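Below: one structure, written as structure tokens.
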Amino acid sequence: TQCPAAVMDDLGCVLDERASLQEEPLTVDVDDETSLEGSEILRRAAGPYVPGLGPNLRLAAEPSATVLELMAQPHLSAFPDLHQVYLDLSRNGPELIHRCCNCLPKFGSVQRLHIVCCDSGVTDRHLQPFFEGLQWIPTLQDLSLHCINNHIGVELLGKAGERIGSCSHLTHLYLNFKNNQIGAFPDLSAFAGGIGRCSQLQSVALDFANNKVTSSFLTALAQGSLLQSGKLSGGIGLLTRMKTFVLIVEDNEVSGATLEILGRALQGCVALEDLKFVVSKNEITPKQASKFLSSLSCLQLKKLDVNFSETTMTDEHFGDIGTAIHKLPTLQELRLDFSGSLGNASDITSVGVRSFTTGMGKCPALQLLDLNFAYNCYYPTRHRPTRFDDEAANAIADLVLQHALLECRVNLEGTFVKAAGVARIRLAHADADVTVTHDSDSSFPSWSTPPSRAGVSGDSDNSSSTSSGWKSDSSEGLSSSCQ
């Protein structure tokens, strides 16, 4: 049977891809193999694996029942020589996953533990033994849990934070709870406090997209709980060794007012170099976004990736975002997403883009620039006579020209920018690899009705548009390993 590829970590902790082997996996009769170490029994039952990777155990998306039964055998009480364990248990059913989680204390010497259990109907009850078992793995340094499209609720998170906090040697943490049922956080202090106690953490990624979480999530994550002494009991602000932080709260109920609180907390992360923040499909204004970015000016950031797509961005105060970026002199890579979507266009026009580029000015260390302005203000209205046209392209071209870039990517799909504007951006920098994504050289993109304005009298031009079956290329935040 051909073995599927090993899971790839989204943070860039590359897991060497498992070779495609045509051998039949070995089955192990426990009674005939009692002289073998428990770890070797599991390896043989798991079938061929990549040689030369050391004491590893890798199980792909559909591990044989033999392996899972062996894991639970009472006489195999421990697997002391396994240091790296990768288990993809997706689509194996919640009860089987529950049994596997109960075996976690047997892996007491593991340093790297990656578990994937997506699309499995998992609830708090099934996953609770996983976090309870962390206290029996004092050597753990790298923990990754992908639990996408399940039924995890808020009650599990408090217990999860407490147990994660007991992992004193943890340096890398990745929790992906995208598309679950977490909802509002009545009290997240235990979760935030646990993460804050992991003082050795260097890389943290948290994905809570599409969970109906509210602003209290960001507040608790930033502040933890306040003690009577006035000090914080946890929160990300205590992670002074953290170099990489990824936070995804896309498509929730987060208010822009809490972004400034998060930004102030990040000021305590003095070693932070790489920040990715996806807050798309929430109510965020340019003024709130600029305050968040301005609060990062005391950090020595090298990479900044912020996704404000499908928020409430307008021209007003949009230049303040550029001014905030200008206050990050060490920035080498900048990715900003201000896109709308087909049917829900954003309201940024050429006026806002020019104020943004003027405010941003020149960032001396910048080498990569990625700007996404897709689906922004194609049709003017009575109250907003301007739109996103060639003037915006000229402003972007001027910005590109100011920097010694190695790579530049600009997305202008669904805007009124024409071929001349696109060409100016492409030719703005002779030494950089410049890519501009654009609908076509025609005057109108290939949609039949104005985005988010169909049927509104007086809000569109008199020109007619054509339909050619053009499909939206939707943007994606942090990709999951099981999607």
Side-chain angles (χ1 to χ4, degrees), residues 124 127-128 131 134 143 145 147 152-167 170 173-199 201 203-242 244-269 272 275-284 288-289 291-292 295-296 299 306 477-478:
D124 290 7
L127 208 55
Q128 183 174 343
F131 290 106
L134 293 179
L143 173 61
L145 173 64
C147 189
I152 300 300
V154 66
E155 294 182 3
L156 180 68
L157 290 184
K159 298 176 183 177
E162 292 175 359
R163 295 310 180 190
I164 291 173
S166 67
C167 302
L170 199 63
L173 174 65
Y174 185 9
L175 301 178
N176 191 335
F177 289 107
K178 182 179 180 180
N179 297 337
N180 276 274
Q181 301 175 353
I182 294 174
F185 289 81
D187 184 7
L188 197 64
S189 58
F191 177 74
I195 294 178
R197 288 198 302 274
C198 298
S199 59
L201 276 173
S203 178
V204 177
L206 306 173
D207 189 343
F208 289 94
N210 191 25
N211 271 283
K212 296 184 179 180
V213 301
T214 63
S215 297
S216 60
F217 169 65
L218 290 185
T219 302
L221 186 64
Q223 297 180 340
S225 59
L226 194 63
L227 302 177
Q228 291 183 351
S229 61
K231 296 182 179 180
L232 299 179
S233 66
I236 58 173
L238 301 181
L239 303 178
T240 57
R241 299 188 181 186
M242 183 171 66
T244 301
F245 182 49
V246 178
L247 178 59
I248 301 178
V249 288
E250 176 185 8
D251 197 11
N252 282 295
E253 300 172 7
V254 173
S255 167
T258 57
L259 293 191
E260 191 174 0
I261 299 174
L262 177 65
R264 287 199 301 267
L266 288 173
Q267 292 176 356
C269 306
L272 191 62
L275 173 62
K276 179 171 183 176
F277 183 37
V278 180
V279 70
S280 53
K281 299 182 181 180
N282 286 284
E283 296 293 324
I284 311 294
Q288 293 165 340
K291 286 185 176 181
F292 167 72
S295 63
L296 306 177
L299 301 174
V306 187
L478 184 68

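What's counted below: heavy atoms across the whole structure, side chains too, no hydrogens, waters or symmetry copies. It should be emphasised that the depicted structure is a prediction, and the values quoted were computed from it without experimental measurement.
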Would the distance check show the side chain of Asp124 and the main-chain N or O of Gly153 forming a donor-acceptor pair, the cut-off being under 3.5 Å? yes
So SG of Cys198 and CZ of Arg241: to nearest 0.5 Å the spacing works out to 12.5 Å
* Asked: Is there side-chain contact between Leu175 and Ile164, with at least one heavy-atom pair below 4.5 Å?
  -> yes
Here the gap from Ile182 atom CD1 to Thr214 atom OG1, rounded to the nearest 0.5 Å, amounts to 11.5 Å
Between the CG atom in Leu239 and the OG atom in Ser203, the distance rounded to the nearest 0.5 Å is 11.0 Å
Tightest non-hydrogen contact, residues Gln288 and Glu283, listed as OE1-O, 3.8 Å
Query raised in the report: How about Leu221 and Phe208: do any of their side-chain heavy atoms sit closer than 4.5 Å?
Result: no
Output for pair (Thr244 OG1, Tyr174 OH), nearest 0.5 Å, gives 13.0 Å
With sequence neighbours left out, the residues meeting side chain to side chain contact (heavy atoms under 4.5 Å, CB included) with Asn252 are Asn211, Val213, Val249, Val254, Asn282
Practice prompt. Check the pair Leu259 / Phe277 against side chain to side chain contact (heavy atoms under 4.5 Å, CB included), numbers first and verdict last.
Written response: CA-CA 11 Å; Leu259 293 191; Phe277 183 37; 3.6 Å; yes
Given Leu266 and Phe292, is the side chain to side chain contact (heavy atoms under 4.5 Å, CB included) satisfied, shown in steps? CA-CA 10 Å; Leu266 288 173; Phe292 167 72; 4.2 Å; yes
* Could you walk me through whether Val204 and Ile236 pass side chain to side chain contact (heavy atoms under 4.5 Å, CB included), step by step? => CA-CA 9 Å; Val204 177; Ile236 58 173; 5.8 Å; no
Item to complete: Carefully, step by step, assess Leu247 and Leu218 under the rule side chain to side chain contact (heavy atoms under 4.5 Å, CB included).
Response: CA-CA 10 Å; Leu247 178 59; Leu218 290 185; 3.6 Å; yes
With sequence neighbours left out, the residues meeting side-chain hydrogen bond (donor to acceptor under 3.5 Å, both in side chains) with Asp251 are none
Shortest non-hydrogen pair, Ala220 vs Ala192, comes out as O-CB, 3.1 Å
So the salt bridge (charged side-chain N to carboxylate O under 4.0 Å, His left out) pairs with at least one residue in residues 155-167 (sequence neighbours excluded) are Glu132-Arg163
Closest non-hydrogen atoms of Cys147 and Leu127, given as atom of the first, atom of the second and distance, are SG-CD2, 4.0 Å
Is Gln128 reaching over with its side chain to a backbone N or O of Leu156, donor-acceptor style, under 3.5 angstrom? no
dist Ser166:OG -> Phe131:CZ (nearest 0.5 Å) comes out at 11.5 Å
> Do Ser215 side-chain atoms and Ser255 backbone N/O form a donor-acceptor pair below 3.5 Å?
Replying inline: yes
dist Met242:CE -> Leu275:CG (nearest 0.5 Å) comes out at 8.0 Å
Using a cut-off of 6.0 Å, state whether more than 12 heavy atoms not belonging to Gln181 lie near its atom CD.
yes
